[in-house]
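Contents: one structure, followed by commentary.
Each chain gets a letter, A, B and so on, in the order the sequences are listed, and its residues count up from 1. Atoms considered below: every heavy atom in the structure, side chains included; atoms not considered: hydrogens, waters and symmetry mates. Small disclaimer: the values here were computed from a predicted structure and weren't measured.
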Amino acid sequence: MNRYNPLAIESKWQKIWEDSEAFKADEASDKPKKFLAEMFPYPSGAGLHVGHVRNFTIVDVLARYYAQKGFNVLRPFGYDTFGLPAENYAIKTGVSPKVATDTNVKNFRNQLKKLGYAIDWSREINTSSPEYYKWTQWCFLQLYKKGLAYQKESYQWWCPVDQTVLANEQVENGHCWRCGSEVEKKKMKQWFFKITAYADELLECVDELDWPEKIKVMQKNWIGRSEGAEIDFETDAGKITVFTTRPDTIYGATFLVLAPEHPLIRELTTENTKEAVEEYCRAAIKKSEIERQESKEKTGVFTGAYAVNPATKEKIPVWVADYVLMGYGTGAIMAVPAGDERDREFAEKFDLPVVEITKTPEKPFGTPKTTYRMRDWLISRQRYWGCPIPIAYDKDGNPHPIPEDQLPVMIPEVDDFKPDNSGHSALAKATDWLKVEIDGEEMTRETDTLDGYACSSWYLWRYASPHDAAHAWHPEAVKYWEPLDVYCGGDHAVAHLLYIRFWCKFFADEGKLPFREPIVKLLYNGYINAPDGKKMSKSKGNVIDPLDVINDGYGADTLRTYEMFIGPYDQDAAWNPRSVGGVYRFLNRCWTLVFEKEIEKKSKNLNLLHKTIKKVTEDIERAAFNTAISTLMEFVNELYKTGASEEDLVTLAKLLKPFAPHLASEMLEQLRADDAWPTYDEEQLVEELVEVVVQVNGKLRAKLAVPVEDLEDEEKVTEMALSDGNVRKFAAEPKKTIYVKKAKLLNIVA
RNA sequence: GGCCGGGUGGCGGAAUUGGUAUACGCGUUCGACUUAAAAUCGAAUGGGUCUCCCAUACGGGUUCAAGUCCCGUCCCGGCUACCA
């Protein structure tokens, strides 16, 4: 007897698909289009994990479903290859990041092919390839030209011994992770993208997105718009401008508080408070924002200066405290201890006056002002393995853009990737590369690279024309394919998904994109945890390798179908090896029906067949993949009981194909059928005898088999119900009846 | 602290618009096949004092009818965390 042999079937079909370029999207087509993508992965040395498989399979199910429905489907793939792991690996082993990345990409590609994904391989992209990052640099220059890429002094962690900038996570308890010396905050010039220029539009458009509510709320909170006013307070050293959302509470403002970084502090401080203020500010600035917020215990110091409350004309003291942040509003607040909990705490601790707000000004004080929590996007990275910023500096240190015809600015080859005392990335070691001539003037290149999020802020548009040497994206190609219909991922709820929206709006304003939102629908999938319910991690030794599942004999179809069956796609789920076996049994039963069992002449249950088509179609449309599969299981269970006709089996194979494409292809080949998505016949959904549930006082007491033509006749149904012995027992004296035809339910109130 | 999810059998989960709670799968038990086992096939499977009653975290409420809606409480997870 033959057996279902997934590995043989799968390699057969994978070869057929590869040879025929089965998933190549049509360049131009009259067919309606669907463009689907996952959040492209960072290809780590460990290869695919089960979380990737869940994410990519969701996209694959939809891509195959829409292709079967006759859409022109674009389902490309790419790799987000810049990043710290490759650089650290290079430091450790001396293998260049490029070589390591190429190896990892190759491995990923092979693994993706083993999963049978319907990827258009002619559109593969890789953010660290010069053909790609040339255009990342071009994007930077477009933003630069419009003043949306700019330099600003900003405080950075600095190790005075190693003479290098440190990332937040490289600072441990205020000490350098390498040498242990106490770190400093140093003002350094950094590049920023002015995302705040689009704050309002980014906020307002959120509501219209077909995205999970959770993500929309997170984006709104991140942008954090507050309406309020700026109010000036006069002091001997000049005016202090504060931002408040409650200008109406000004009669209760009994003191001012400045952030420790506030520029007016020096002038405000009097002789006798100078030492204390300076020490407080020095200590506060040194702390990270995280450390500052760790303790809610209020600290602060009096400057010795007073300001005049413009409403009460009273003199109120000016304090410095680290609960006021320089980066928000004006870095100064008017404290209203009677109205604000934080101000009250501060007032209580330092014995400052608390005045009840008895009056509100008739004409609001100050100038109306809107502020945002969101800050501009810091994009400078002192790292080697990233996209070089296409800027050079003249002798006076002024930045100049690299002319577009000189792009890409290639990553220079270096032997030593280790950070050193220069405070620059390893790019600074490429001495020949550093020198560049622009308009006859000798200049020095920028040695910082771009935040990796810049590379992923435009890749969805590159997919439309991935090999275009003349454009970042071809205008006609994006017009046809974009915006992306479905995006699927389980990470980057704010950063990436906000940055790509920002670039979309910018390039729309530039006339380069004919839409203002890049992603129509977002599916945000949950994590897959280890069988013990904990996060999978190498150190815990509880990692499930998807390739092991395939090679153990289950095959890719079982793996894919299992990960879709594991639970609702947007919830976390724990891996269950036994359930994998259950899904394998199901596929085995499908195979057996076609290859081992006698095929009936006629379908025994057309009603069930058409119901199954309807349910599976609707479930895929609403991304309820787990119930789509359970519907197919019920169908197969029924076919085992009644026998299966050719029509039953062709339909089963077609409905199964998005989940288990290899097996379904094998079944369809055997049945000599195409894979066109089946449609259901409304008439076949109607049953001759309809089950009507009879309740008495809401409790189930009987089930009636009512001829479909009598379903409209409430009187007749009621009569049937009351002739039932059990119903009569509980409803000897019916008071009234409620007949819900849609629910096929009769409730008798007795 | 704030916001957002969630709590249903031994387990993962289903119930889409307030209308038969526990679909489907796992596990377990029994049976068939087999010398035997595996695989496969079939049957049963929330609990109980079992014509009926009780169960969707807990306590109330609305309704002819509540897992679903409302009020309160508890627990778990995620995000966020002095943003004036």
Side-chain angles (χ1 to χ4, degrees), chain A residues 1 3 212-218 220-222 224-226 228 242-246 249 257 259 289-290 292-298 321-325 327-336 339-343 345-346 371-375 493-494 526-527 562 565-568 570-583 585-586 588-589 592 596 615 618-619 622 624 626-637 640-641 691-703 725-726 729-730 735-740 742-750:
Chain A
M1 177 169 138
R3 289 292 313 274
E213 212 45 47
K214 180 176 79 171
I215 309 296
K216 287 162 71 162
V217 168
M218 280 166 77
K220 283 187 197 171
N221 290 344
W222 182 270
R225 177 159 72 188
S226 298
V242 307
F243 172 74
T244 175
T245 54
R246 297 292 307 276
T249 64
V257 188
E289 287 208 2
I290 297 162
R292 269 201 222 177
Q293 289 160 9
E294 246 161 33
S295 159
K296 295 249 165 97
E297 185 68 26
K298 295 283 178 293
D322 67 3
Y323 81 93
V324 176
L325 308 172
Y328 183 77
T330 60
I333 62 154
M334 63 177 208
V336 184
D340 185 284
E341 203 185 322
R342 296 153 302 182
D343 296 344
E345 266 176 51
F346 195 82
T371 55
Y372 302 89
R373 270 174 111 100
M374 183 171 65
R375 317 285 158 86
V494 178
Y527 290 113
Y562 170 65
F565 185 63
I566 196 167
D570 56 349
Q571 276 176 35
D572 292 352
W575 189 269
N576 182 346
R578 288 194 189 269
S579 286
V580 178
V583 170
R585 276 196 278 281
F586 161 64
N588 194 8
R589 279 158 77 84
T592 304
E596 289 296 312
K615 179 83 164 77
E618 286 173 356
D619 278 358
R622 67 184 180 106
N626 54 331
T627 51
I629 293 164
S630 69
T631 303
L632 290 172
M633 288 172 167
E634 287 177 78
F635 185 48
V636 167
N637 290 346
Y640 258 70
K641 286 183 192 129
E691 188 184 80
V692 171
V693 167
V694 184
Q695 298 179 333
V696 178
N697 294 331
K699 285 199 169 136
L700 175 67
R701 297 301 176 193
K703 291 177 179 179
N726 201 40
K729 205 170 93 188
F730 287 92
K735 292 198 188 90
K736 68 167 177 174
T737 57
I738 291 136
Y739 182 51
V740 189
K742 216 167 115 195
K744 289 177 267 180
L745 177 143
L746 179 77
N747 191 16
I748 300 167
V749 186

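- A 3.5 Å limit on both hydrogen-bonding distances identifies no Watson-Crick or G-U partner for B:rU68.
- When Watson-Crick and G-U wobble pairs are counted only if both distances are under 3.5 Å, B:rG31 pairs with B:rC41.
- A:R246 meets the salt bridge (Lys or Arg N to Asp or Glu O under 4.0 Å) test with A:D248; sequence neighbours excluded.
- If you check distances only, the side chain of A:Q695 never reaches the base of B:rU20 with a donor-acceptor pair under 3.5 Å.
- Between A:Y640 atom OH and B:rC24 atom P the separation is 16 Å, expressed in whole Å.
- Nucleic acid contact for A:R701: sugar-phosphate only, since backbone atoms but no base atoms lie under 4.0 Å from a heavy atom of the residue.
- If you check every strand for non-hydrogen atoms under 4.0 Å, A:K699 touches sugar and phosphate atoms only.
- Base contact: A:K742 has a heavy atom under 4.0 Å from a base atom.
- Nucleotide B:rC4 holds its P atom 19 Å from the CG atom of A:D572, rounded to whole Å.
- One interatomic measurement links the two molecules: CD1 of A:I566 to C1' of B:rC24, which rounds to 15 Å at whole-angstrom precision.
- Listed candidates were B:rC26, B:rC24, B:rU20. Nearest to the side chain of A:M633 is B:rC24.
- Residue A:R622 is classed as a base contact, given a heavy-atom separation below 4.0 Å to a base.
- Although no hydrogens or angles enter the test, the distance criterion places a donor-acceptor pair under 3.5 Å between the side chain of A:N697 and the main chain of A:A750.
- Residue A:G567 is classed as having no contact, given no heavy-atom separation below 4.0 Å to the nucleic acid.
- Side-chain atoms of A:Y562 do not come within 3.5 Å of backbone N or O of A:P577 as any donor-acceptor pair.
- Residues satisfying the side-chain contact (heavy atoms from CB on, under 4.5 Å) test with A:K615, not counting sequence neighbours, are A:D619, A:R622, A:T627, A:T631.
- When heavy atoms are screened at a 4.0 angstrom cut-off, A:F730 is found touching the sugar-phosphate backbone but no base atom.
- Contact annotation for A:T631: no contact, since no heavy-atom pair falls under 4.0 Å across all strands.
- When the P atom is compared between B:rC70 and B:rG77, the two are found 25 Å apart, to the nearest whole Å.
- Annotated as syn: B:rG9, whose O4'-C1'-N torsion sits within 90° of 0.
- Atom OH of A:Y739 is separated from atom C1' of B:rA65 by 16 Å (rounded to the nearest Å).
- A donor-acceptor pair shorter than 3.5 Å cannot be found between the side chains of A:N221 and A:R373.
- Remark: B:rC79 base-pairs with B:rG2; criterion is Watson-Crick or G-U wobble with both hydrogen-bond distances under 3.5 Å.
- Distance noted for atom P between B:rU80 and B:rA65: 45 Å (whole Å).
- Within 4.0 Å (heavy atoms only), A:K615 reaches at least one base atom of the nucleic acid.
- Taking the C1' atom of each, B:rG1 and B:rG61 are spaced 30 Å apart, rounded to whole Å.
- Nucleic acid contact class of A:R578 (heavy atoms, under 4.0 Å, all strands): sugar-phosphate only.
- Base engagement by A:V740 is indicated by at least one non-hydrogen atom pair under 4.0 Å involving a base atom.
- A:N221 comes within 4.0 angstrom of nothing in the nucleic acid, heavy atoms only.
- Spacing between atom NZ of A:K641 and atom C1' of B:rG42 amounts to 10 Å, rounded to whole angstrom units.
- Nucleotides of RNA chain B nearest to A:A574 and A:W222 differ in position, and the one nearer the 5' end is that of A:A574.
- Residue-level contact check: A:E345 touches neither bases nor backbone, having no heavy atom under 4.0 Å from any strand.
- In this structure B:rU56 sits in no base pair that meets the Watson-Crick or G-U test at under 3.5 Å.
- When the P atom of B:rC54 is taken as reference, atom CG of A:L700 falls 14 Å away, rounded to whole Å.
- If you measure from atom CG of A:N576 to atom C1' of B:rG10, you get 13 Å, rounded to the nearest angstrom.
- Nucleotide B:rU40 holds its P atom 6 Å from the CG atom of A:N588, rounded to whole Å.
- A gap of 29 Å separates the C1' atoms of B:rC64 and B:rU73, to the nearest Å.
- Of the two residues near RNA chain B, A:E213 and A:F565, the one whose nearest nucleotide lies more 5' is A:E213.
- For the C1' atom pair drawn from B:rG10 and B:rG27, the interatomic distance equals 8 Å after rounding to whole Å.
- On the C1' atoms, B:rC52 is 49 Å away from B:rG2, given to the nearest whole Å.
- Here the separation of B:rU51 from B:rG5, taken at their P atoms, is 44 Å to the nearest Å.
- For the C1' atoms, the distance from B:rC79 to B:rG42 is 50 Å, rounded to whole Å.
- Within 4.0 Å (heavy atoms only), A:N626 reaches sugar-phosphate atoms of the nucleic acid but no base atom.
- Nucleotide B:rG10 is matched to B:rC26 when pairs are restricted to Watson-Crick or G-U wobble geometry with both distances under 3.5 angstrom.
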